[in-house]
Engineer: 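I have a structure I would like to understand better, so I am pasting it below and will then ask my questions one at a time.
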Amino acid sequence: MNKHLLLNEPGDVEQQCLSQHPVWQRNELAQTQQDWLAEEVPVALVYNGISHVVMMATPKDLAAFAIGFSLSEGIIDSPDDVYDIRQQPACNGIEVHVELSSRRFMQLKEKRRSLAGRTGCGVCGVEQLQEVTRPIAPLPFTQHFDLSMLDRGLSQLKNVQTVGQLTGCTHAAAWLQPDGNLSGGCEDVGRHVALDKLLGYRSQQGWQRGAVLVSSRASYEMVQKTAMCGIEILFAVSAATSLAVAVAESCNLTLVGFSKPGRATVYTHPQRLIAEQ
């Protein structure tokens with residue numbers, strides 16, 4: 001797949017993700033002010049003409065989102081399985097049309113056929129309960145991270161939230177290099193979507209050494225998506241859930257929560273981390 005598919009469309013992308021709305025402040029109810037709001041729209045991922053899922057998302061980096069979602073959900077093995085990505089407005093939202101290789105599309109259709117007619121459990125659109133925590137191949141132990149470098153990355157996290165800086169409304173997911181600097185990142189009103197966008201962007205950039213840093217809590221979906229893409233370390237600004245810890249333990253992912261200046265709580269596999277002196 002060509003890297004140009006991930007480039008932003010012409011124009012001010014951030015402006016497309018923002019709107020203004022009158023608000024009243026607590027101590028000035030008699031006077032309105034204009035405030036920025038982050039746009040949230042339905043985004044449908046359509047594979048070879050068949051709609052697969054609709055997610056609420058911020059309308060930027062949608063090609064990266066499509067690739068990252070496809071990777072983290074096991075629909076593709078690599079971006080090479082994607083031949084083309086097109087976006088078009090539809091039904092007050094956006095359709096992202098993804099052209100898959102024939103082999104991958106046939107596998108996706110077989111999976112959908114095996115689920116057809118079964119009672120849904122209502123968990124995040126997954127149609128069977130056992131599909132919630134699907135098997136993940138155990139991760140290798142090839143990465144290390146010096147925790148003394150963490151604060152540097154945390155200080156840069158706001159730089160990838162151009163919409164969030166105006167609205168206070170977006171989550172961020174960024175690639176944290178071993179030296180503590182961020183290679184890049186993505187934002188969205190949904191933490192899962194922000195992570196999928198980053199995973200798609202990372203797959204195009206070829207980043208290998210480092211870790212994922214997210215501005216949210218670490219739910220099991222965040223752990224699962226990270227591990228499905230072969231990433232060994234996940235730093236979350238907030239807490240982890242018990243299922244997230246269990247999934248991280250079983251697939252050998254190093255999970256760190258409460259990642260804040262001068263603080264970090266390691267839940268699983270600390271052997272990849274170098275303690276701060």
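Note: hydrogens, waters and symmetry copies are ignored here, and every other heavy atom, side chains too, is used. Computed from a predicted structure; not experimentally measured.
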Engineer: Begin from the C-alpha positions of Ser72 and Glu221 and carry the test side chain to side chain contact (heavy atoms under 4.5 Å, CB included) through to its verdict.
Structural biologist: CA-CA 10 Å; Ser72 68; Glu221 303 103 318; over 6 Å; no

Engineer: Do the side chains of Phe145 and Val256 get nearer than 4.5 Å, heavy atoms only?
Structural biologist: no

Engineer: Between Val23, Thr167, Leu166, which is the residue that forms a side-chain contact (heavy atoms from CB on, under 4.5 Å) with Asp35?
Structural biologist: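 Looking at Val23, Thr167, Leu166, the match for Asp35 under the side-chain contact (heavy atoms from CB on, under 4.5 Å) is Val23.
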
Engineer: For Asn181 and Gln156, does a side-chain donor sit closer than 3.5 Å to a side-chain acceptor?
Structural biologist: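 Checked: Asn181/Gln156 side chains pair up, N/O donor to acceptor below 3.5 Å.
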
Engineer: Is there a side-chain contact between Glu73 and Gln224, using heavy atoms and a 4.5 Å cut-off?
Structural biologist: no

Engineer: Please determine, by modelled atom types, if Glu232 and Thr142 share a side-chain donor-acceptor pair under 3.5 angstrom.
Structural biologist: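 A pair is found: one side chain offers a donor N or O, the other an acceptor, under 3.5 Å apart.
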
Engineer: Given Ile50 and Phe105, is the side chain to side chain contact (heavy atoms under 4.5 Å, CB included) satisfied, shown in steps?
Structural biologist: CA-CA 10 Å; Ile50 297 178; Phe105 182 57; 3.6 Å; yes

Engineer: Check whether any side-chain heavy atom of Ile233 sits under 4.5 Å from a side-chain heavy atom of Leu176, and report yes or no.
Structural biologist: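 They are not in contact (no side-chain heavy atoms under 4.5 Å apart), so the answer is no.
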
Engineer: Run the side chain to side chain donor-acceptor pair (under 3.5 Å) test against Glu99 and tell me which residues pass, sequence neighbours left out.
Structural biologist: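 Side chain to side chain donor-acceptor pair (under 3.5 Å) list for Glu99, sorted by chain: empty.
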
Engineer: Are Asp196 and Met55 close enough that some pair of their side-chain heavy atoms sits under 4.5 Å apart?
Structural biologist: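 When only atoms from C-beta onward are counted, Met55 and Asp196 do not touch, as no gap falls below 4.5 Å.
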
Engineer: Does the pair Arg86 and Glu95 meet the rule for a side chain to side chain contact (heavy atoms under 4.5 Å, CB included), with working shown?
Structural biologist: CA-CA 8 Å; Arg86 294 178 293 105; Glu95 288 184 347; over 6 Å; no

Engineer: Does the side chain of Gln87 come within less than 4.5 Å of His97's, by heavy atoms?
Structural biologist: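 They are not in side-chain contact.
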
Engineer: Please lay out, stage by stage, how Leu199 and Ile231 fare under the test side chain to side chain contact (heavy atoms under 4.5 Å, CB included).
Structural biologist: CA-CA 10 Å; Leu199 296 174; Ile231 297 165; 3.4 Å; yes

Engineer: Would you say that Trp175 contacts Gln205 through its side chain, given a criterion of any heavy-atom pair below 4.5 Å between the two side chains?
Structural biologist: no

Engineer: Regarding Glu187 and Thr162, do their side chains bring together a donor and an acceptor under 3.5 Å, going by distance alone?
Structural biologist: yes

Engineer: Kindly indicate whether the side chain of Met228, heavy atoms from C-beta on, has any atom under 4.5 Å from the side chain of Leu71.
Structural biologist: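 No; the side chains remain at least 4.5 Å from each other.
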
Engineer: Tell me which pairs pass ring pair (Phe, Tyr, Trp, His ring centres under 6.0 Å) where either residue lies in residues 254-277, with sequence neighbours left out.
Structural biologist: Phe141-His269

Engineer: Answer yes or no: is there a side-chain heavy-atom contact under 4.5 Å between Thr58 and Val193?
Structural biologist: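 When only atoms from C-beta onward are counted, Val193 and Thr58 do not touch, as no gap falls below 4.5 Å.
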
Engineer: Sequence neighbours left out, what pairs pass ring pair (Phe, Tyr, Trp, His ring centres under 6.0 Å) with at least one residue falling in residues 36-62?
Structural biologist: Tyr47-His52

